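In listed order, ligands and their atoms are each counted from 1. Remember, predicted model here, so these are calculated numbers, not experimental data. Starting from 1, each residue takes its place in the sequence as its number.
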Amino acid sequence: MAFSKILIANRGEIACRVMRTARDLGYRTVAVYSDADADALHVREADEAVRIGPPPVSESYLDAQAIIEAAKRVGADAVHPGYGFLSENDGFASACQDAGLVFIGPTPDAIRAMGNKAAAKRLMIEAGVPCVPGYQGADQSDATLAAEAQHIGCPIMVKAAAGGGGRGMRLVTRFEDFADAVSTARSEAQNAFGSGELILEKAVVDARHVEVQVFGDAHGHVIHLGERDCSAQRRHQKVIEEAPSPAVSPALREKMGAAAVAAAKAISYRGAGTVEFLLGADGEFYFLEMNTRLQVEHPVTEEITGLDLVEWQLRVAAGEPLPLKQEDVRLDGHAIEVRLYAESPEKNFLPQSGTVFEWTPASGKGVRVDHGIRSGQEISPFYDPMIAKVIAHGRTREEARRRLVRALQESVLFGLPNNKAFLVALLNHQVFANGETTTGFIPTHFSADSAAMAERAPSACLLALAAALLYERSARQLAPLVSSWDSSGIFSKPLKLAVGEKETPVSLTARGASSYSVLVGGETVDLDIVARETGKVRFAVGGVQTSAACAFDGATLHIETGGEQLTTRETSHEIKSAAEREGGARLVAPMNGRIVSVLAQAGEAVKKGQRIVILEAMKMQHEITAGRDGVLETVSVKEGDQVATRHVLATLAAEDN
Ligand code: MV4
């Protein structure tokens, strides 16, 4: 079982995270990469990195054979799968073994045992683990399912046996809806997982998602490392995770921990695993599923236990016994993690691809940021757009929460729309601050049309600061030899700041060197630029000093202060873009993606708003429509083409009037 060179079959932050510990323990590290990741951080940080294929995951990070061949090529003798991708694929785990590679994870049998919800549940019931009352039998006839549903009583959850994370799941609150729910869940499951097998469960309402971290070794020992509360989810995606759960007392922890250990022992579990439970408002808990891998949110457990879970994984894989006994596990303080994503909360959380212009994670006491990106790096449409996990630890939950808000606000992320302000709003919400989060928290308080999700207009202060910075830069660039002004020269300058699609007029009056009065929407802001350093400006408004992060990307200015972010440029002197000059003659790709259909041909007369091309990016479809009536002159893409942002998809012939 001894190994010396570990291949990490993953990318991004988790590849970086695993390599950090592997290196600390003296192992050599090997990264794998697709063509989209040739210069990614995980590739740079590895001792060696092997190309495994083109960008699509099916041809790279999900290609088991390519990964095993990569390991052979460079003489790696162990494989860490990270999370996602091949981490819970029993075929991959056994292919590694067959190739003489140590798979750093559970046995293929253990992975398989938890892969099917019906079989896993039968096993758990036998092991005495509390499960939601329901039906998980082999007979899948409509009559049997309906009879079982009558027996369970509404509300009922219909779930895909092969599913996970909410796919193929239906809630039935009236028995009349049951037959339809079964038929849609069945076909959804068949399509998504290749199996239409269903299970039925009593629905537990107003529950929390509480999961227990377990660890087993090859000598039959299993212990737990406490729980994590991941109730703050959006569409089955975890957004905030914390440890311990505000809803779990020491007595309940002991009970849930014992149930999780029993679950793991029932399948002779080895390595890191997570047993997920629903915790009802009444304190009853029920097994949901077991994740047979290291999880995204493992850092909160590390923070409160002081342990390195990747170190434990490597030690267990090398045949060592678990380093601690159950009674030696200590939980200290509280830790909270949030997932920072390149996505736009204002646009229904649409994933964003493009270039990260500036990324400087926060640091400081109790703050940890796990990430895998560099400034200047592309967020590719092929993969999950998570930028980083920001984690804070504190003596108390409130200290951790406060630290995390500050860490988020101090992490500089310019160049891509992201969910930072959304995360801060969640953390500052009274329900979260009180520790009262259930799975209904985000849907109830942050629905798509709630005020919290509205795109807010930038404050007058931030616009004034932007005007001053843009002015100072253009003054320096246009007349570098004229020292901008002396205190005698007072003059006003009208500027136009572009924010998103809108233009905001402001009037800037210089009152002295680096001292301005800025008129914004009827409000006058007196502003002084106090000091400048790279990436930062210290400024004062009405005598109150504070700092902002700032960066110029060409003519575009990014600034952020106090959690408020603004991306803008000055447009009054800008020459109209080619597209505007041509009167909307070109249709360009709004983001990197793949053409899924082309709906019109060259020579065709089209109407304003007519769909011309459909682009798929991050599993979402985007309609590219004609900007005006006209005749299509060229259509330069076909179905299946991969295009980059601003790629010209089609052109309209000049208007002949
Ligand atoms: C449930 C449930 C209520 N009752 N099962 C969602 C994902 C999958 N892992 C299980 N899920 C649920 N199963 C019963 N019997 C409610 C959910 C659920 C949920 C669970 C955890 C976190 C967020 C959730 C959001 C909606 C539904």
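- Scanning the protein heavy atoms around atom 5 (N) of ligand 1, the nearest turns out to be Lys159 NZ, 2.9 Å.
- Glu302 has a carboxylate O that lies under 4.0 Å from a charged side-chain N of Arg368, or vice versa, which qualifies the two as a salt bridge.
- Close N/O approach between Leu278 and ligand 1 is not found [any backbone or side-chain N/O within under 3.5 Å].
- Taking atom 8 (C) of ligand 1 as the reference point, the nearest protein heavy-atom neighbour is Gly166 N, 4.0 Å.
- Interface of Glu289 with ligand 1, defined as ligand atoms under 4.0 Å from a residue heavy atom, comprises 9 (N).
- At most 12 non-hydrogen atoms from other residues, nucleotides or ligands lie less than 6.0 angstrom from CZ of Arg406.
- At the shortest separation from atom 4 (N) of ligand 1 among protein heavy atoms lies Val204 N, 2.8 Å.
- Comment: Arg234 does not engage Glu343 in a salt bridge, judged by the lack of any side-chain N to carboxylate O separation of less than 4.0 angstrom.
- Comparing His236, Met157, Lys117, Glu201 against atom 16 (C) of ligand 1, the shortest heavy-atom distance belongs to Met157.
- Residue contacts with ligand 1: Ala207 is excluded, as none of its non-hydrogen atoms falls under 4.0 Å.
- Judged purely by distance below 3.5 Å, without hydrogens or angles, the side chains of Asp308 and Thr21 pair a donor atom with an acceptor atom.
- Residue pairs meeting the side-chain hydrogen bond (donor to acceptor under 3.5 Å, both in side chains) criterion with at least one partner in residues 245-258, sequence neighbours excluded, are Glu227-Arg253, Asp229-Ser245.
- Atoms of ligand 1 lying under 4.0 Å from any heavy atom of Lys202, numbered from 1 in the order shown and given with element: 4 (N), 14 (C), 15 (N).
- Between Met169 and ligand 1 there is a heavy-atom distance shorter than 4.0 Å.
- One side chain, Thr292 or Glu88, offers a donor N or O that lies under 3.5 Å from an acceptor on the other.
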Please output the side-chain donor-acceptor pairs of residues 172-181 that fall under 3.5 Å, not counting sequence neighbours, one pair per line with the distance.
unit_1, atom_1, unit_2, atom_2, d
Arg174, NE, Asp177, OD2, 3.2
Arg174, NH2, Asp177, OD1, 3.0
Arg174, NH2, Asp177, OD2, 3.4

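- Counting heavy atoms only, Thr439 comes closest to atom 24 (C) of ligand 1 of the residues Leu171, Val158, Thr439.
- Heavy-atom proximity to His209, at under 4.0 Å, picks out these atoms of ligand 1: 21 (C), 22 (C).
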